[in-house]
Undergrad: 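Have a look at this one.
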Amino acid sequence: MLNPKAALIEVMAAVQQRGWCDGTGGNFSCVLQRDPLQLWMAPSGVDKGQLQENELILVNGAGTVLEGSGKASAETLMHLAIVQYCNAGAVLHSHSQAGTLLSQWALSKGGLELSNLEMLKGLEGIKSHATSVLLPVLANNQNLAELSAAAAPLLPGAPKGILIAGHGLYAWGENLFQAKRHLEIIEFLLEQKWRQLILEGLGIKP
């Protein structure tokens, strides 16, 4: 069984290989302990597919680096909010093409509806494809304290994910591998949604 640091490295590499965090995009965290809160995280400004265990940073509940030489991303505040309000054990933040595109398209609607797809059952608590979820969408904000505060009331009711317009997806779970599953499921649903919109624009009914 992989230790938490090795497991986080493996998940980040898998996400990078899917093209969901190109360049130095994306950020990823896994809770080490809750009292006091400590998270293993990828440092800011690095290629997440090439990271080594000894390059991870340990961050506390205030976003301060306790261990490691890297810098904590400003997005650490969003990770901490999700851990706090959703009791998440891991948070994965991707920058996929589908997530970036659809987050801009859906911003004025306040959310992105995903419905009637079998893969919805991959989200914790959903038992049937004959359902609909609303993925919240927030306007991007370089002030992460303000962005995290805006996200806070939406997080408990979100379907294990939230979109930031023109930016990407935050997905989470009780543990790292549940978070990975939720990221993969939501990214699949986003791909389906934009393809569906293209077909509808062409006048093609599924």
Side-chain angles (χ1 to χ4, degrees), residues 8 11-12 15-16 20-32 34 36-48 51 55-113 133-173 176 179 182-183 186-187 190:
L8 183 57
V11 167
M12 287 192 293
V15 173
Q16 197 270 347
W20 295 340
C21 61
D22 291 335
T24 60
N27 209 283
F28 306 84
S29 67
C30 182
V31 173
L32 174 63
R34 293 191 181 274
L37 182 61
Q38 295 181 356
L39 298 82
W40 287 116
M41 296 194 71
S44 180
V46 300
D47 184 332
K48 309 310 187 294
L51 210 61
E55 296 175 292
L56 292 173
I57 56 175
L58 187 65
V59 176
N60 67 13
T64 301
V65 177
L66 302 176
E67 184 178 321
S69 59
K71 178 184 177 182
S73 168
E75 294 165 351
T76 299
L77 294 178
M78 182 65 86
H79 287 248
L80 291 170
I82 293 169
V83 169
Q84 176 185 353
Y85 290 101
C86 303
N87 198 34
V91 181
L92 309 178
H93 173 42
S94 58
H95 289 190
S96 71
Q97 291 279 350
T100 303
L101 175 68
L102 286 172
S103 62
Q104 292 177 302
W105 177 84
L107 177 60
S108 63
K109 304 173 182 6
L112 181 68
E113 186 177 10
V133 300
L134 187 68
L135 197 63
V137 182
L138 286 177
N140 200 4
N141 188 339
Q142 296 303 301
N143 185 321
L144 267 293
E146 293 179 358
L147 182 61
S148 301
L154 304 175
L155 293 172
K160 312 303 181 185
I162 187 168
L163 285 169
I164 308 301
H167 190 169
L169 168 70
Y170 286 87
W172 59 88
L176 181 60
H182 289 154
L183 181 75
I186 295 173
E187 288 288 3
L190 293 175

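Counting begins at 1 with the first residue of the sequence.
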Undergrad: What is the distance from atom OG of S44 to atom CD of E75, rounded to the nearest 0.5 Å?
TA: 7.5 Å
Undergrad: Identify, with sequence neighbours excluded, every residue that meets side chain to side chain contact (heavy atoms under 4.5 Å, CB included) alongside P159.
TA: L123, V133, L135, P136
Undergrad: Return the minimal non-hydrogen interatomic distance between S73 and N27, and the atom names on each side.
TA: CB-ND2, 3.4 Å
Undergrad: Could you give the distance from CD (E67) to CG (L32), rounded to the nearest 0.5 Å?
TA: 9.0 Å
Undergrad: Can you name the nearest heavy-atom pair linking L169 to E187, along with the distance?
TA: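 Taking L169 first and E187 second, the nearest heavy atoms are CD2-OE2, 3.8 Å.
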Undergrad: With sequence neighbours excluded, tell me which residues meet side chain to side chain contact (heavy atoms under 4.5 Å, CB included) with T64.
TA: N60, A62
Undergrad: Measure the shortest side-chain to side-chain distance between L51 and P43 over non-hydrogen atoms and say whether it is less than 4.5 angstrom.
TA: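 SC-SC contact between L51 and P43 confirmed.
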Undergrad: Go through the steps to decide whether L56 and M12 satisfy the test side-chain contact (heavy atoms from CB on, under 4.5 Å), and finish with yes or no.
TA: CA-CA 11 Å; L56 292 173; M12 287 192 293; 3.8 Å; yes
Undergrad: On a heavy-atom basis, which atom in L183 and which in S94 lie closest, and how many Å separate them?
TA: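 Looking at all heavy atoms of both residues, the shortest contact is CD1-OG, 3.4 Å.
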Undergrad: How close do W40 and L8 get, counting heavy atoms only, and between which atoms?
TA: O-CD2, 3.6 Å
Undergrad: Within the structure provided, determine whether V65 and I57 are in side-chain contact (heavy-atom separation under 4.5 Å).
TA: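 In short, these two side chains touch, coming nearer than 4.5 Å.
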Undergrad: Please determine whether side-chain contact (heavy atoms from CB on, under 4.5 Å) holds for the pair L176 and L92, giving the CA-CA distance in whole Å, both sets of side-chain angles, and the decisive distance to 0.1 Å.
TA: CA-CA 9 Å; L176 181 60; L92 309 178; 4.1 Å; yes
Undergrad: Would you give me the side-chain donor-acceptor pairs under 3.5 Å for residues 97-105, sequence neighbours excluded?
TA:
residue: T100; atom: OG1; partner: S96; partner atom: O; Å: 2.8
residue: T100; atom: OG1; partner: H167; partner atom: O; Å: 3.4
residue: S103; atom: OG; partner: G99; partner atom: O; Å: 2.9
residue: S103; atom: OG; partner: T100; partner atom: O; Å: 2.8
residue: S103; atom: OG; partner: I164; partner atom: O; Å: 3.4
residue: S103; atom: OG; partner: G166; partner atom: N; Å: 2.9

Undergrad: Answer whether the closest heavy-atom distance between the side chains of L112 and L134 falls below 4.5 Å.
TA: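 A side-chain contact under 4.5 Å is absent here.
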Undergrad: Got a second to check how far L107's CG is from L138's CG, nearest 0.5 Å?
TA: 8.5 Å
Undergrad: Would you mind writing out the side-chain donor-acceptor pairs for residues 79-90 within the sub-3.5 Å range, not counting sequence neighbours?
TA:
residue: H79; atom: ND1; partner: S29; partner atom: OG; Å: 2.8
residue: N87; atom: OD1; partner: R34; partner atom: NH1; Å: 3.4

Undergrad: Show the nearest heavy-atom pair for residues A139 and A165, with the distance to one decimal.
TA: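 What the structure gives for the nearest pair is CA-CB, 4.2 Å.
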Undergrad: Closest heavy-atom contact between G63 and A72?
TA: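 Scanning both residues, the minimum pair turns out to be O-CB, 4.0 Å.
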Undergrad: Could you check whether any side-chain N or O of H95 sits under 3.5 Å from a backbone N or O of G25, counting only pairs where one atom can act as donor and the other as acceptor?
TA: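 No, H95 side chain to G25 backbone: no donor-acceptor pair under 3.5 Å.
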Undergrad: Among pairs that include at least one residue of residues 134-166, which meet ring-ring contact (aromatic ring centres under 6.0 Å, His included), considering only residues two or more places apart or in two chains?
TA: none
Undergrad: In sequence, state the C-alpha distance, the side-chain angles, and the governing distance for F28 and K48, and then conclude on side-chain contact (heavy atoms from CB on, under 4.5 Å).
TA: CA-CA 9 Å; F28 306 84; K48 309 310 187 294; 3.8 Å; yes
Undergrad: Would you be so kind as to tabulate the donor-acceptor pairs closer than 3.5 Å made by side chains of residues 145-158, with sequence neighbours excluded?
TA:
residue: E146; atom: OE1; partner: N141; partner atom: ND2; Å: 3.0
residue: E146; atom: OE2; partner: N143; partner atom: ND2; Å: 3.4
residue: S148; atom: OG; partner: L77; partner atom: O; Å: 3.4
residue: S148; atom: OG; partner: M78; partner atom: N; Å: 3.3
residue: S148; atom: OG; partner: L144; partner atom: O; Å: 2.7

Undergrad: To the nearest 0.5 Å, what is the distance between CG on D22 and CG on D47?
TA: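 Answer rounded to 0.5 Å: 9.0 Å.
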Undergrad: What do the steps show when you test V59 against Q38 for side-chain contact (heavy atoms from CB on, under 4.5 Å), and what is the final call?
TA: CA-CA 6 Å; V59 176; Q38 295 181 356; over 6 Å; no
